[in-house]
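Every number for a ligand or one of its atoms is a count from 1 in the order of the listing. All values below come from the heavy atoms of this structure, side chains included, with hydrogens, waters and symmetry mates left out. Note that the structure is a prediction, hence the values are computed from the model and not measured. Numbers here are sequence positions counted from 1.
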Amino acid sequence: MNKKHFETIAIRDQWERSENKEHSVPLYLTSGFVFDDAEEMRASFAEEKQRDLYSRYSNPNTNEFISKMCKLEGAEAGFAFASGMAAVYSTFAALLSSGDHIVSARSVFGATHGLFTKYFPKWNIETSYFGVDDVETVESLIQPNTKFIYCETPTNPGVDVLDMEYLSKIAKKHNILFIVDNCFATPYLQNPIKFGADLVIHSATKLIDGQGRVLGGVTVGSEELIREVYLFSRLTGPSMSPFNAWILSKSLETLAVRADKQCDNALKMAQFLESHPKVKWVKYPFLKSHPQYEVAIKQMRLGGTIVCFEVEGGVEGGKTFFDNIKLCSLSANLGDSRTIVTHPASTTHAKLSDEDKEAVGIFPGTVRCSLGLEHIEDVIEDIEQALAKI
Ligand SMILES: *Cc1c(COP(=O)(O)O)cnc(C)c1O
């Protein structure tokens, strides 16, 4: 069969119907599964027989969600988690040993940065960082004990773009893994495996759910690596709930239309902000002024749903802007159908030192705007009147 388009796979990839002939995938709220006899029970636990045993290991709904995510990312296998951070942590913990070393982009999600700085050193795992401006230094950071290169692209919140093809070549040359957090792009906008990634991690909480309802995470990649992640996770229990898997599988059915519209809204917002006198700078991967525009258009279908900008007037300017927002939500989430404005310096990245914040492009007046599905003219009007108050 020819490979179908993204939208078709996202909607039509579904397990075989039960004898009830349901059209839409049913929800399997069950913690366990029964066996016909002792032999079946033994063979199932010995993995001689592939089937669901217990929902910490697998469940029809998580299987369905994972299967779709694998097809959409071009991966062999995957495992679904209760949250994006459960996916990040479990993937790392499954693959790392005491004494290992990570080479990571400096600009990573606040909680991931917290793992690198607060917890991994306890287990003798150190991390070295490279910036978007000095990607050439990556190779010089690799040590004999380096296990993998890690990055997010586009980054949170600065929407910097990293060249995955380049990073994967360096990883291959040194026989180490290249792992990408693809949360900001989703499989619709970009497929890191095509550019050489070994594992792809998602927070499904964001644009994959897209309606701000559930948390979820997923890691996909080769059978061999996912097997390690699975074995660690079935012991430690970070698995996604069947209910969340059911919701997220439904969400994938509408991901393409939502992302098309939200990316279009984001581009329009970025263009509006670019010429605004109260805005110091604006970053959006598909604006020609973006420092990594060429890389962005090479690896992304559209520019994403997040625009990052800096208002005039520093802390005070930022405060005035946020206090005058009327329509958009002041919230820490992103990828929602509702447009959200966030102040990374005091929220998601508050734990970083001022120096670390600046190094990843977060200033006192930096605003992260996650474009939703409202009419763009209404959203621009809200942002415009709040900027006017500065
Ligand atoms: C939100 C986010 C995470 C964590 O996801 P949760 O579902 O909130 O645990 C990880 N990486 C990135 C890039 C994120 O934006």
Side-chain angles (χ1 to χ4, degrees), residues 62 65 69 73 78-93 102 104-119 127 132 150-162 164 179-190 192 197 199-220 229 233 236-241 243-245 247-248 251-252 259 262 266 283 285 300 304-308 331-336 340-344 347-352 360-362 366 368-371:
T62 52
F65 173 64
M69 283 299 299
E73 282 288 19
F79 193 79
F81 299 89
S83 69
M85 280 320 298
V88 171
Y89 172 70
S90 306
T91 302
F92 288 178
I102 303 166
S104 171
R106 183 170 286 114
S107 180
V108 290
F109 186 62
T112 305
H113 184 264
L115 282 181
F116 289 162
T117 50
K118 188 155 180 234
Y119 289 96
T127 307
V132 269
Y150 182 74
C151 80
E152 295 169 12
T153 180
T155 62
N156 182 0
V159 293
D160 288 312
V161 175
L162 288 141
M164 293 187 284
I179 305 180
V180 178
D181 179 334
N182 198 26
C183 168
F184 265 40
T186 78
Y188 180 60
L189 301 182
Q190 138 187 309
L199 287 168
V200 181
I201 300 176
H202 285 279
S203 163
T205 314
K206 313 294 170 57
L207 190 59
I208 289 183
D209 172 45
Q211 287 138 93
R213 301 165 299 185
V214 299
L215 281 96
V218 59
T219 301
V220 301
V229 174
S233 303
T236 53
S239 333
M240 178 180 280
S241 76
F243 180 77
N244 286 10
I247 291 268
L248 290 165
S251 301
L252 285 176
Q262 285 172 257
K283 267 205 289 189
M300 297 176 76
T305 65
I306 315 286
V307 178
C308 188
S331 176
N333 198 10
L334 58 94
D336 197 295
I340 292 171
V341 284
T342 306
H343 187 222
T347 60
T348 52
H349 291 70
K351 294 227 162 57
L352 271 64
V360 299
I362 300 170
T366 299
R368 185 185 74 190
C369 182
S370 164
L371 274 296

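Aromatic ring centres of Tyr150 and Phe92: separated by under 6.0 Å.
In summary, the side chains of Asn182 and Glu152 do not present any donor paired with an acceptor at a separation below 3.5 Å, with no hydrogens or angles considered. Looking at Thr342 and Thr347, their side chains never bring a donor and an acceptor atom within 3.5 Å of each other. A side-chain donor-acceptor contact under 3.5 Å links Arg368 and Asn156.
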Polar pairs, ligand 1 vs protein, N/O only, below 3.5 Å.
from: ligand 1; atom 1: 5 (O); to: Ser203; atom 2: OG; distance (Å): 3.0
from: ligand 1; atom 1: 7 (O); to: Gly84; atom 2: N; distance (Å): 2.8
from: ligand 1; atom 1: 7 (O); to: Ser203; atom 2: OG; distance (Å): 2.8
from: ligand 1; atom 1: 7 (O); to: Thr205; atom 2: OG1; distance (Å): 2.6
from: ligand 1; atom 1: 9 (O); to: Gly84; atom 2: N; distance (Å): 3.1
from: ligand 1; atom 1: 9 (O); to: Met85; atom 2: N; distance (Å): 2.8
from: ligand 1; atom 1: 11 (N); to: Asp181; atom 2: OD2; distance (Å): 2.6
from: ligand 1; atom 1: 15 (O); to: Asn156; atom 2: ND2; distance (Å): 3.2
from: ligand 1; atom 1: 15 (O); to: Lys206; atom 2: NZ; distance (Å): 2.7

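For the residue pair Met69 and Ile208, the shortest heavy atom distance occurs at CE-CD1, 3.8 Å.
The existence of a salt bridge linking Lys283 and Asp160 is confirmed by a sub-4.0 Å separation between a basic side-chain nitrogen and an acidic carboxylate oxygen.
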